[in-house]
Amino acid sequence: MKKVKILSLVALLLIGAVSAFSQDSTPKINKKNLVIKEWNTDARSNRKVLDHQTVYNSDGKKIEEKEYTSNGIKWTKRYEYGADGKVSRELSYDERNKLVSVKKFEWNSFGRKKIQYTYDPKGKLVSTKVYEYIAEDSE
């Protein structure tokens, strides 16, 4: 009986050690009120050009993304959240800040996207995307 207790204790310690090694040790970035700017540097002129910008709100949720070209803004995406804390709408704008499309999302009980509806600027449904999650058995 004593051997069983010792073996059980050793097994629990090994499981704890394995799970500690398997967890990501990278520290999480606090995204509250964070702005991330991505810059490209031209190798010849050494000139820095803004490439992409992501803005997070006081809750740490992504609220806006902008993609840039050397001439200015290429596109903008703004994100709205529902009461459940998930993205409910994604609004896409062109370089002139004109609305191009609106995506609305439904989420499954596991917190993953279930359905994405894409609308044109006038509110007409353009497409529907259904997400399917299939777990592959590994042998």
Query - Heavy-atom pair of closest approach, residues V100 and P121 - result: O-CD, 3.2 Å
Report summary line: For K62 and Y81, the nearest pair of non-hydrogen atoms, with its separation, is O-OH, 2.5 Å
Query raised in the report: With a cut-off of under 6.0 Å to the ring centre and 45° to the axis, is K77 in cation-pi contact with W75?
Result: yes
Query raised in the report: Considering all heavy atoms of both residues, which atom of T118 and which atom of Q116 are nearest to each other, and what is their separation?
Result: OG1-NE2, 3.5 Å
**Report entry** Shortest non-hydrogen contact from L50 toward E38
**Finding:** CD1-O, 3.5 Å
Query raised in the report: Considering all heavy atoms of both residues, which atom of Y56 and which atom of K31 are nearest to each other, and what is their separation?
Result: CB-O, 3.0 Å
Report task. Using a cut-off of 6.0 Å, state whether more than 12 heavy atoms not belonging to F110 lie near its atom CZ. Result -> no
Query raised in the report: Looking at CG of D94 and CD1 of I73, how far apart are the two atoms once the value is rounded to the nearest 0.5 Å?
Result: 10.0 Å
Report summary line: For S88 and G82 the tightest heavy-atom approach is OG-N, 3.7 Å
Query raised in the report: Which pairs, with at least one residue in residues 99-118 and sequence neighbours excluded, count as a salt bridge (Lys or Arg N to Asp or Glu O under 4.0 Å)?
Result: E90-K103
Report task. Let me see the working for W107 and V87 under side chain to side chain contact (heavy atoms under 4.5 Å, CB included), right down to the final yes or no. Result -> CA-CA 9 Å; W107 300 85; V87 174; 4.2 Å; yes
**Report entry** Pairs flagged by salt bridge (Lys or Arg N to Asp or Glu O under 4.0 Å) wherever residues 40-56 is involved - sequence neighbours left out
**Finding:** none
Query raised in the report: Taking 4.0 angstrom as the limit, do E67 and K74 come out as a salt bridge?
Result: no
Report task. Report the C-alpha separation of E65 and Y79 in whole Å, then their side-chain angles, then the decisive distance to 0.1 Å, and conclude whether the side-chain hydrogen bond (donor to acceptor under 3.5 Å, both in side chains) test is met. Result -> CA-CA 9 Å; E65 282 186 279; Y79 302 91; 2.4 Å; yes
Query raised in the report: If you measure from the Lys or Arg side-chain nitrogens to the Asp or Glu carboxylate oxygens, is any gap between K61 and D59 under 4.0 Å?
Result: no
Query - I29 atom CD1: more than 12 heavy-atom contacts under 6.0 Å - result: no
Query raised in the report: Linking I/L/V/M/F/W/Y whenever their side-chain heavy atoms sit closer than 4.5 Å, directly or via other members, would I115 and L125 fall into one cluster?
Result: yes
